[in-house]
Q: 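Mind looking over this structure? Questions follow.
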Amino acid sequence: MACNQEINVIYVSGKARNLLYNTISGEEYEKISSCDTAKDMCDKVEVTYEGTSKSKETRINLLINDYELFEMKEGESIKKIFAPFSKIIGDLKLFGRSCSRDKQFRKILRIIPTAWETKVITLQAQDLDKSGTTGRSCYIRVNPSQEIRIGGNKKDSSI
């Protein structure tokens with residue numbers, strides 16, 4: 001009975017080694033081929049690509065920092081910032097740190113340059129309308145010389 005188990009372990013280990021050999025590059029396989037067991041090989045690959053818990057926490061902290069410091073420069077378009085912003089959000093999600101759509105939307109609104117201020121305020125007001133304030137009038141003062149009306153008339157209410 002023990003002999004059959006040993007044969008089975010050797011067979012499974014060989015299949016695992018073969019799977020690793022066919023899955024990763026030759027250069028990467030050379031780095032792990034000196035390991036005694038397939039489990040050791042898998043553990044080494046895991047540490048190499050995913051890192052230790054300390055390196056994962058460091059990576060998460062760096063991504064959070066990137067998210068917090070992310071900004072849109074004057075002259076940049078929404079299209080140009082969308083890819084790097086989405087990459088940060090996607091990487092955070094991979095590490096189990098999801099960010100709600102609402103939080104992402106508000107972050108984008110905060111980083112838009114002041115030249116876009118009128119559009120930002122309009123979008124925020126539209127977001128308020130979705131939360132149940134439909135039918136009310138909202139007035140938002142952009143600067144002392146300009147007032148924007150969003151629905152209704154000025155006598156209803158103002159912010």
Side-chain angles (χ1 to χ4, degrees), residues 16 19-35 38-159:
L19 179 69
L20 284 167
Y21 178 78
N22 290 316
T23 309
I24 60 177
S25 70
E27 183 180 312
E28 292 297 320
Y29 187 79
E30 285 179 26
K31 293 177 184 177
I32 63 170
S33 63
S34 63
C35 295
K39 173 144 178 35
D40 292 341
M41 293 171 88
C42 288
D43 291 343
K44 193 168 187 178
V45 168
E46 182 179 8
V47 168
T48 301
Y49 288 101
E50 293 182 15
T52 62
S53 60
K54 188 173 182 177
S55 66
K56 285 180 188 178
E57 195 60 38
T58 301
R59 180 74 173 131
I60 290 169
N61 289 336
L62 287 171
L63 287 168
I64 290 171
N65 189 49
D66 289 348
Y67 174 83
E68 290 171 353
L69 297 178
F70 192 83
E71 62 182 28
M72 181 177 182
K73 294 169 184 64
E74 289 290 334
E76 275 188 315
S77 68
I78 294 289
K79 280 184 178 182
K80 188 172 182 177
I81 67 161
F82 185 75
F85 185 74
S86 295
K87 171 122 176 62
I88 293 169
I89 298 298
D91 289 348
L92 281 168
K93 195 173 190 177
L94 286 173
F95 284 106
R97 303 285 175 106
S98 62
C99 184
S100 70
R101 290 247 184 232
D102 185 53
K103 191 174 179 182
Q104 292 173 38
F105 177 73
R106 292 190 188 285
K107 173 66 175 176
I108 292 292
L109 290 177
R110 281 192 312 272
I111 67 170
I112 292 177
T114 55
W116 290 49
E117 188 172 354
T118 304
K119 293 179 183 179
V120 172
I121 292 171
T122 303
L123 289 171
Q124 288 173 336
Q126 288 173 353
D127 192 40
L128 289 174
D129 286 346
K130 290 178 186 175
S131 66
T133 60
T134 306
R136 288 186 171 174
S137 299
C138 298
Y139 293 91
I140 302 168
R141 189 171 299 276
V142 177
N143 61 41
S145 66
Q146 184 180 12
E147 198 170 296
I148 298 173
R149 190 177 122 213
I150 303 171
N153 59 34
K154 193 171 182 175
K155 294 179 183 174
D156 290 342
S157 68
S158 62
I159 297 178

Q: I want to check a possible cation-pi pair here: K107 against F85, using under 6.0 Å from ring centre and within 45° of the ring axis as the test.
A: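 The answer is no, since K107 fails at least one limit relative to F85.
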
Q: Please round to the nearest 0.5 Å and tell me the distance separating atom CZ of R106 and atom CD1 of I111.
A: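 The CZ atom of R106 sits 14.5 Å away from the CD1 atom of I111.
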
Q: Output yes when a side-chain donor or acceptor of E76 lies under 3.5 Å from a complementary backbone atom of I81, and no otherwise.
A: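 No, E76 side chain to I81 backbone: no donor-acceptor pair under 3.5 Å.
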
Q: Does any non-hydrogen side-chain atom of F105 lie less than 4.5 Å from one of S100?
A: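 Side-chain contact under 4.5 Å: no.
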
Q: Search all heavy atoms of K103 against all heavy atoms of Y67 and return the closest pair with its distance.
A: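 Where K103 meets Y67 most closely, the heavy atoms are O-OH, 3.5 Å.
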
Q: What's the verdict on side-chain contact (heavy atoms from CB on, under 4.5 Å) for F82 and I108, showing C-alpha distance, side-chain angles and the deciding distance?
A: CA-CA 9 Å; F82 185 75; I108 292 292; over 6 Å; no

Q: I need the N22 CG to Y29 OH distance, nearest 0.5 Å.
A: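 If we round to the nearest 0.5 Å, N22:CG and Y29:OH are 9.5 Å apart.
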
Q: For the pair S98 and L92, evaluate side-chain contact (heavy atoms from CB on, under 4.5 Å) and give the outcome as yes or no after the intermediate values.
A: CA-CA 6 Å; S98 62; L92 281 168; over 6 Å; no

Q: Tell me the closest heavy-atom pair linking M41 and C35, and the distance in Å.
A: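 Here M41 and C35 meet closest at CG-CB, 3.5 Å.
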
Q: Determine whether C42 and K39 satisfy the following criterion, side-chain contact (heavy atoms from CB on, under 4.5 Å), listing intermediate values before the conclusion.
A: CA-CA 5 Å; C42 288; K39 173 144 178 35; 5.6 Å; no

Q: Should R97 and D91 count as an ion pair when the cut-off is N to O under 4.0 Å?
A: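 A salt bridge is absent here (no side-chain N lies under 4.0 Å from a carboxylate O).
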
Q: K93 side chain to I88 main-chain N or O, any donor-acceptor pair under 3.5 Å?
A: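 No: the side chain of K93 does not pair with the backbone of I88.
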
Q: Under the criterion side-chain contact (heavy atoms from CB on, under 4.5 Å), I'd like the reasoning laid out for I112 against I78: C-alpha separation, chi angles, the key distance, then a yes or no.
A: CA-CA 9 Å; I112 292 177; I78 294 289; 4.3 Å; yes

Q: Could I get the full list of salt bridge (charged side-chain N to carboxylate O under 4.0 Å, His left out) partners for E71, not counting sequence neighbours?
A: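 Salt bridge (charged side-chain N to carboxylate O under 4.0 Å, His left out) check on E71 returns nothing, list empty.
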
Q: How many angstroms lie between CZ in R59 and CG in L94, if you round to the nearest 0.5 Å?
A: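 Atom-to-atom, R59:CZ and L94:CG are 9.5 Å apart.
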
Q: When you look at CZ of F95, are more than 12 heavy atoms from neighbouring residues, nucleotides or ligands closer to it than 6.0 Å?
A: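 Yes, because the 6.0 Å sphere around CZ of F95 holds more than 12 heavy atoms from other groups.
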
Q: Examine distances only and state if a side-chain atom of K44 and a backbone atom of K31 form a donor-acceptor pair shorter than 3.5 Å.
A: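 Looks like yes, one N/O pair under 3.5 Å.
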
